[in-house]
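Residue numbering restarts at 1 for every chain, and letters A, B, ... go by the order of the sequence lines.
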2 protein chains.
Amino acid sequence: MREFKRKSRILLIDDNADHLRGVKELITLESSYDVVGATTSANMGISLAKKYRPDIILMDINMPEKDGLQAIQELEKLELGVKVIALSGYDDADLIFRAMKLGAKGYVLKTMASAQLIYAIDEVASGKIYLPTALTSRFFEYFQRSFKEEASVSEENLLTYLTAREEEVLELLTQGNNYKGIAGKLFISETTVKTHVNNIFQKLQVNDRTQAVLYALNNGFANRKAIRA
Amino acid sequence: MREFKRKSRILLIDDNADHLRGVKELITLESSYDVVGATTSANMGISLAKKYRPDIILMDINMPEKDGLQAIQELEKLELGVKVIALSGYDDADLIFRAMKLGAKGYVLKTMASAQLIYAIDEVASGKIYLPTALTSRFFEYFQRSFKEEASVSEENLLTYLTAREEEVLELLTQGNNYKGIAGKLFISETTVKTHVNNIFQKLQVNDRTQAVLYALNNGFANRKAIRA
DNA sequence: CATTTTATCAATCCAAAGATGTAAGACAAA
DNA sequence: TTTGTCTTACATCTTTGGATTGATAAAATG
């Protein structure tokens with residue numbers, strides 16, 4: 001399964017024409033990549049990507065006309081298999097987080113040294129994901145903060161008062177079952193399920209099943225933890 | 001605001017006594033850190049952390065007795081301000097993801113060179129978050145995959161068929177309101193709400209409000225995106 | 001051993017939720 | 001203008017959900 005090795009093809013998208021020219025020259029002269037296109041428009045960039053199928057796109061994400069992040073999202077949805085590297089003037093944690101969430105394979109700053117930019121492209125071209133150390137740190141601080149806020153909400157988690165059986169019942173509730181469905185799955189009578197459900201309501205201090213389900217989901221019940229979007 | 005600079009204090013937790021001794025020697029000889037404790041038990045480690053208040057904890061997360069990840073969680077909950085570095089024999093993406101989610105400030109492999117371990121400690125001691133490049137790559141692949149699955153699920157999203165009003169009603173449903181509550185908040189009659197809710201059920205192809213709420217939450221409704229835990 | 005908790009089941013009653021059909025006014029598109 | 005969709009609204013009926021009380025046996029706890 002050895003692939004044919006060829007020069008990776010790069011598409012550049014940056015609304016700043018000067019910077020665009022500079023990067024193009026840098027890549028042409030200092031690396032072995034083919035620049036198959038360079039445009040100042042995000043929409044044009046997406047069209048070019050569809051046409052030329054580059055391996056890598058260097059995308060400025062701070063453009064006035066169209067949001068670069070949105071462009072990344074659209075490119076990912078097209079599933080062209082292109083690796084997008086976000087290029088930005090800012091090392092804002094939120095920007096980094098959103099870019100990576102949308103599927104960017106790298107995030108580099110415009111202020112970075114040329115050699116480091118080439119290195120980033122090399123890494124991404126070889127299938128890795130590249131973030132400069134400092135930005136990785138930023139990312140994780142943001143990442144951990146978003147989980148911590150959640151955790152602190154569930155300091156006093158009423159779910160801990162539930163018995164094992166009640167947890168089973170609640171889990172089935174969070175899957176959209178009604179009394180009959182739960183009774184069938186647990187091989188117990190419907191009235192027993194009602195008893196359990198009522199006890200769950202008491203312990204979680206809620207009035208109905210929907211609220212119980214919401215409480216469960218928002219307080220780290222089993223399989224899902226939420227993240228701020 | 002210059003802080004008084006002193007040697008950082010380190011606590012070691014590793015159920016493998018041999019490895020524990022080795023790391024202790026390494027740090028004592030090759031670095032300027034104080035090893036204030038070393039134990040093979042996670043529970044003991046937590047006690048020692050409370051007693052000696054180390055700056056950094058090197059925590060093996062592959063321990064049979066008690067899960068190291070759980071220990072990290074407990075330490076974070078205590079808010080001792082200690083920086084935990086996860087130490088593991090495996091570069092499993094899920095392990096890395098969970099450790100970082102729980103607040104680990106770093107993740108290093110036991111197979112790494114001594115110098116790199118010291119470097120990791122240096123970085124974390126100085127307030128940064130440290131992940132070796134290869135592990136960063138792993139982490140992000142996992143991270144992006146968990147978001148992508150979500151996106152792909154919502155390709156054919158039944159939520160798009162809802163009218164603006166129905167979305168309002170659904171949002172109130174996802175907040176645990178009953179008919180009366182929704183009617184009051186939207187200043188319309190309860191029967192009208194019933195009409196909307198019934199239409200929502202039809203469009204989302206569900207049988208009751210709980211299922212509708214679950215569908216909404218699992219398909220990118222508004223404020224929360226889930227992530228596999 | 002005595003006590004408490006848990007899991008099971010039942011009967012009853014009322015409230016809430018859900019299904020179905022109908023319809024009028026607003027508004028936008030054809 | 002006609003057509004269609006959206007929002008509003010009501011009546012009726014059936015089903016489901018929820019509260020309450022009480023009861024039994026097993027299991028855990030002290």
Side-chain angles (χ1 to χ4, degrees), chain A residues 154 156-223, chain B residues 43 66 70 154 156-222:
Chain A
S154 56
E156 193 72 297
N157 198 330
L158 299 176
L159 290 173
T160 59
Y161 299 132
L162 299 183
T163 67
R165 197 54 159 174
E166 286 162 355
E167 280 186 7
E168 284 185 81
V169 173
L170 180 54
E171 171 147 18
L172 289 170
L173 278 181
T174 65
Q175 289 164 17
N177 292 283
N178 59 15
Y179 286 133
K180 196 179 309 222
I182 297 174
K185 272 155 199 163
L186 294 182
F187 305 106
I188 56 180
S189 85
E190 217 173 309
T191 59
T192 304
V193 178
K194 284 194 177 193
T195 305
H196 287 313
V197 170
N198 266 289
N199 290 334
I200 291 170
F201 291 167
Q202 302 303 317
K203 292 184 179 178
L204 301 189
Q205 299 167 21
V206 297
N207 304 311
D208 55 52
R209 64 179 55 214
T210 307
Q211 290 177 5
V213 166
L214 289 169
Y215 185 93
L217 296 183
N218 289 327
N219 291 83
F221 194 69
N223 49 1
Chain B
N43 288 324
K66 182 167 199 168
Q70 199 185 324
S154 56
E156 193 74 298
N157 198 328
L158 298 177
L159 290 172
T160 59
Y161 299 133
L162 298 183
T163 68
R165 197 56 158 174
E166 285 162 357
E167 279 186 8
E168 286 184 81
V169 172
L170 181 53
E171 171 146 19
L172 290 169
L173 277 182
T174 65
Q175 288 164 17
N177 292 283
N178 57 16
Y179 286 133
K180 197 181 308 225
I182 297 174
K185 273 155 198 163
L186 295 182
F187 304 106
I188 56 181
S189 87
E190 217 171 312
T191 60
T192 302
V193 178
K194 285 193 175 193
T195 305
H196 287 313
V197 170
N198 266 289
N199 290 333
I200 291 170
F201 291 167
Q202 302 303 317
K203 292 185 180 179
L204 300 188
Q205 298 166 23
V206 298
N207 304 311
D208 55 52
R209 64 180 54 216
T210 308
Q211 290 177 4
V213 167
L214 289 169
Y215 185 93
L217 297 183
N218 288 327
N219 291 83
F221 197 69

Reading DNA chain D from 5' onward, which residue's closest nucleotide shows up sooner: D208(B) or N199(B)?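 The residue whose closest nucleotide sits nearer the 5' end is N199(B).
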Need one value for [X]: base, sugar-phosphate or nothing, where a base atom within 4.0 Å counts as base even if backbone is also close, heavy atoms only.
{"X": "S189(A)", "answer": "sugar-phosphate"}
{"X": "N198(A)", "answer": "base"}
{"X": "K180(B)", "answer": "nothing"}

In whole angstrom, what separates [X]'s [atom1] from [N]'s [atom2]?
{"X": "Y179(A)", "N": "dA15(C)", "atom1": "OH", "atom2": "C1'", "answer": "12 Å"}
{"X": "K194(B)", "N": "dA15(C)", "atom1": "NZ", "atom2": "P", "answer": "14 Å"}
{"X": "L173(A)", "N": "dG17(D)", "atom1": "CG", "atom2": "P", "answer": "9 Å"}
{"X": "I188(B)", "N": "dC10(D)", "atom1": "CD1", "atom2": "C1'", "answer": "14 Å"}
{"X": "N178(A)", "N": "dG18(C)", "atom1": "CG", "atom2": "P", "answer": "11 Å"}
{"X": "L162(B)", "N": "dT7(D)", "atom1": "CG", "atom2": "P", "answer": "10 Å"}
{"X": "H196(B)", "N": "dG18(C)", "atom1": "NE2", "atom2": "P", "answer": "15 Å"}

Less than 3.5 Å between a donor and an acceptor, one on the side chain of T192(B) and one on the base of dC10(D), is that the case here?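 No such pair is found, so the answer is no.
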Do [X] and [Y] come close enough that some side-chain heavy atom pair is under 4.5 Å?
{"X": "L204(B)", "Y": "L170(B)", "value": "yes"}
{"X": "K203(A)", "Y": "T163(A)", "value": "yes"}
{"X": "N199(B)", "Y": "V169(B)", "value": "no"}

Ignoring hydrogens and geometry, is there a side-chain-to-backbone donor-acceptor pair from N177(B) to L172(B) under 3.5 Å? yes
T191(A) side-chain N/O to dC9(C) phosphate OP1/OP2 under 4.0 Å: no
Within the structure, does a side-chain N or O atom of T195(B) lie under 4.0 Å from either OP1 or OP2 of dC10(D)? no
What nucleotide among dA17(C), dA7(C), dT7(D) has an atom nearest to a side-chain atom of R209(B)? dA17(C)
